[in-house]
2 protein chains.
Amino acid sequence: MDESKRRNTRQKDAVRHALGEAIGFVSAQQLHLVLRNFGSTIGLATVYRALADLAASGDADALQSKDGELLYRACTTDHHHHLICRACGKTIEIEAERVEKWADEVAKEHGFTQPTHTIDIFGTCLSCQ
Amino acid sequence: MDESKRRNTRQKDAVRHALGEAIGFVSAQQLHLVLRNFGSTIGLATVYRALADLAASGDADALQSKDGELLYRACTTDHHHHLICRACGKTIEIEAERVEKWADEVAKEHGFTQPTHTIDIFGTCLSCQ
DNA sequence: TTCTTATTGACAATCGTTATCAATAAGCGG
DNA sequence: CCGCTTATTGATAACGATTGTCAATAAGAA
């Protein structure tokens with residue numbers, strides 16, 4: 001799809017908005033359910049498409065849950081990582097400049113180019129212990 | 001299943017061995033195909049079960065590929081992370097003591113207990129550029 | 001060897017995600 | 001505002017990875 005020919009639809013806005021309201025990471029299926037409960041007639045496939053678009057354009061970030069589900073979250077800052085409660089899903093965005101550098105260095109040391117990385121920390125938060 | 005009543009079977013050994021021979025991460029399906037090509041009559045479900053066991057007992061580690069497939073790799077050292085070529089899948093085990101500490105500290109700072117983490121670095125290796 | 005039961009393997013079932021495709025509607029030019 | 005083009009939608013089918021089912025098999029103890 002040519003970026004210049006992308007259209008704005010009420011469905012995409014709905015997904016963007018619902019994702020913004022959500023706390024922590026949510027799956028496409030959860031989001032779809034929420035939207036339907038609010039009276040939207042949006043289709044499941046459309047939610048998947050909208051989320052994939054948001055992730056591709058950097059407005060959301062995605063991670064894989066332990067059981068293979070794709071989870072999304074509205075993204076505020078540019079690049080960051082997450083500290084996630086494994087019980088309630090509460091998520092804290094963390095700065096990791098030191099680690100960013102370390103990751104890029106390790107890649108370079110071994111001759112790997114265009115390094116990217118995934119770093120997530122899981123734990124049990126205060127209110128869930 | 002009670003750990004003390006676990007039996008050793010030629011199928012489990014076959015999976016263990018095939019995983020040891022494999023370079024980088026492999027999926028259960030790939031491993032099943034390889035075993036069948038070598039004349040084994042092992043079932044797909046058995047490969048899944050054996051790999052899950054190996055991962056649970058710490059003899060293999062698992063990660064999720066970008067498209068949701070579970071990938072396994074024979075595990076030599078205790079705890080480590082990976083530098084993975086996104087083209088050919090070549091994998092280098094990396095030490096990350098500094099980062100281990102950092103991850104635990106970040107968790108503790110926010111009151112999170114029992115911290116675990118996932119750290120993987122992706123890049124394009126020399127021979128794939 | 002015999003017996004118990006963990007394990008196997010073929011297959012069905014499940015679940016998340018993606019492809020298909022006719023119907024709809026965004027946004028352009030007039 | 002009116003058509004027209006075509007990106008987008010939504011229902012549903014298809015897909016692929018994984019897990020459950022269950023009768024048949026075989027490990028390992030007696």
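Letters A, B, ... mirror the listed sequences (proteins, then strands); counts begin at 1. Hydrogens, waters and symmetry mates play no part in the numbers below; they use all other heavy atoms, side chains included.
- Here the P atom of nucleotide D:dG16 and the CG atom of B:Leu70 are 18 Å apart, to the nearest Å.
- Look at NZ on B:Lys5: it is 15 Å from C1' on C:dC3, rounded to the nearest Å.
- Nucleotide D:dG16 holds its P atom 15 Å from the CD atom of B:Gln30, rounded to whole Å.
- Counting heavy-atom neighbours within 6.0 Å of B:Arg98 CZ, excluding the residue itself, gives a total of 12 or less.
- With hydrogens and angles left out, the side-chain atoms of A:Tyr72 and A:Gln30 include no donor and acceptor closer than 3.5 Å.
- We find that B:Glu21 and B:Arg16 are not joined by a salt bridge, their nearest charged nitrogen and carboxylate oxygen being 4.0 Å or further apart.
- Distances shown here put every side-chain N or O of A:Gln11 at or beyond 4.0 Å from the OP1 or OP2 atom of D:dT8.
- Map B:Ala28 and B:Arg10 each onto its nearest nucleotide of DNA chain D; the residue landing nearer the 5' end is B:Ala28.
- Rounding to the nearest 0.5 Å places CD1 of A:Ile121 at 4.0 Å from CH2 of B:Trp102.
- The distance between atom CG of B:Leu31 and atom C1' of C:dG9, rounded to the nearest whole Å, is 16 Å.
- Cluster membership for A:Ile94 and B:Ile119, using ILVMFWY side-chain heavy atoms within less than 4.5 angstrom, is shared.
- Separating the CD atom of A:Glu69 from the P atom of D:dT19 is a distance of 14 Å, rounded to the nearest angstrom.
- Note on A:Lys101 versus A:Asp104: no salt bridge recorded, every NZ/NE/NH1/NH2 to OD/OE distance being 4.0 Å or above.
- Side chains of A:Glu100 and A:His81: a donor on one and an acceptor on the other come within 3.5 Å.
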Produce the list of close N/O pairs, under 3.5 Å, pairing protein atoms with atoms of nucleotides 27-30 of chain C; give distances to one decimal.
residue: C:dG27; atom: OP1; partner: A:Asn8; partner atom: N; Å: 3.0

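- Taken together through direct or relayed side-chain contacts under 4.5 Å among Ile, Leu, Val, Met, Phe, Trp and Tyr, A:Ile42 and A:Leu44 form parts of separate hydrophobic clusters.
- Side-chain nitrogen and oxygen atoms of A:Lys12 include at least one within less than 4.0 Å of the OP1 or OP2 phosphate oxygen of D:dT8.
- Within residues 39-52 of chain B, the residues that have a heavy atom under 4.0 Å from DNA chain C are, in order of number, B:Thr41, B:Ile42, B:Gly43, B:Ala45, B:Thr46, B:Arg49.
- Using a 4.5 Å heavy-atom threshold, the side chains of A:Lys12 and A:Asp53 count as touching.
- For the helix from C:dT1-D:dA30 to C:dG30-D:dC1, the end axes, each set by the C1' atoms of five terminal pairs, are bent relative to each other by 40° (nearest 10°).
- Between the NE2 atom of B:His32 and the C1' atom of D:dG16 there is a distance of 15 Å, rounded to whole Å.
- Here the CD1-NE2 distance, from A:Ile92 to B:His110, works out to 4.5 Å after rounding to the nearest 0.5 Å.
- Side-chain contact between B:Val26 and B:Leu71 is absent, with no heavy atoms from C-beta onward closer than 4.5 Å.
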